[in-house]
Structures are given as structure tokens and as C-alpha cells.
Amino acid sequence: MDAYFDQIFQTPVMVTLIIVSILAYLIGKTNRAADVDTPQQKAEIEKASAGLTANQRMKIDAAIDARKKIEAIGLYRAATGLSLRQSKQAVDQRIRERNLTDKA
């Protein structure tokens, strides 16, 4: 067992492990950056939001006011037919528009 640790803690092995770790981190970070919305997706959300009725908008706002974000996302999604991710983004945008925060 000591021989195993002696091999792992040699400088070339440690440098290789560090380089692989850094590359894995950077690749993961690059993939997350690819999740940024395109202007088409933003336009689709805006179009869907514009199509909401006053009653639907009031229900979504009421859920937001009651700090029931998941319910608000579900209501938005049911009303517009957008994806879960797009619905979450739309509700987050509505929260920002109304200057509400997650603080109690």
C-alpha cells in the first residue's frame, strides 16, 4: 500500500492529476455557458407572455406574491405551453420586473 502512495505522490503524477482536474472544470464551465438563451428563445418567451390573459397574469402574480415560485412556474407553463426551463425564466423575469426578491 505504501508503494502505491509513493507512486501517486510523485511529481509527474500529481501534475497530471492537477491538469486533468483543471481541464475537467473548464470543460464543465464551457458546457454551462452554452445554456445561455438565444434571442429566438427570448422572443418566444416574450410572445407567450404577451398572450397571457389578465386572469392568468393575476394568478401567476398571486403565486409570486405568496412566494410560491414553483406554483407560478406551473401556472405559466400551463397557460403558455412553453418548456419548464422557459417558464422558469419567464417567472424569474416577472419577479425582477416587479422588483421582488427572495428575502422574507
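We number each residue from 1, following the sequence as shown. When reading the values below, keep in mind they use all heavy atoms of this one structure, side chains included, and skip hydrogens, waters and symmetry mates.
At a threshold of 4.5 Å between non-hydrogen side-chain atoms, the residues Gln56 and Leu75 do not count as touching. Using a 4.5 Å cut-off on side-chain heavy atoms (C-beta onward), Ile73 and Ile60 make no contact.
Separation of atoms CD1 (Ile64) and CD1 (Ile95) is listed at 5.0 Å; rounding is to 0.5 Å. Atom CD1 of Ile45 is separated from atom CZ of Arg94 by 14.5 Å, given to the nearest 0.5 angstrom. Between atom CD of residue Gln89 and atom NZ of residue Lys42 there is a gap of 8.5 Å, rounded to the nearest 0.5 Å.
Sorted by first then second residue, the salt bridge (Lys or Arg N to Asp or Glu O under 4.0 Å) pairs that include residues 44-53, not counting sequence neighbours, number zero.
Minimum interatomic distance between Ser87 and Leu82 (heavy atoms only, all atoms of both residues): OG-O, 3.7 Å.
Applying the side chain to side chain donor-acceptor pair (under 3.5 Å) test to Glu71 and every residue at least two apart in sequence or in another chain returns nothing. Not counting sequence neighbours, the partners of Lys88 by the salt bridge (charged side-chain N to carboxylate O under 4.0 Å, His left out) test are Asp92. In this structure, the salt bridge (charged side-chain N to carboxylate O under 4.0 Å, His left out) partners of Arg98, at least two apart in sequence or on a different chain, are Asp61, Asp65. By the side chain to side chain contact (heavy atoms under 4.5 Å, CB included) test, Gln40 is found to be paired with Thr38, residues two or more places apart in sequence or in another chain being considered. Residues passing the side chain to side chain donor-acceptor pair (under 3.5 Å) test with Ser49, sequence neighbours excluded: Tyr76.
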For residues 16-23, which side-chain donor-acceptor pairs fall under 3.5 Å, sequence neighbours excluded?
from  : atom 1 : to    : atom 2 : distance (Å)
Thr16 : OG1    : Pro12 : O      : 2.8
Ser21 : OG     : Leu17 : O      : 2.9

Next on the checklist: side chain to side chain contact (heavy atoms under 4.5 Å, CB included) for Leu84 and Arg77? Distances and angles first, verdict last.
Outcome noted: CA-CA 7 Å; Leu84 178 61; Arg77 188 173 187 200; 3.8 Å; yes
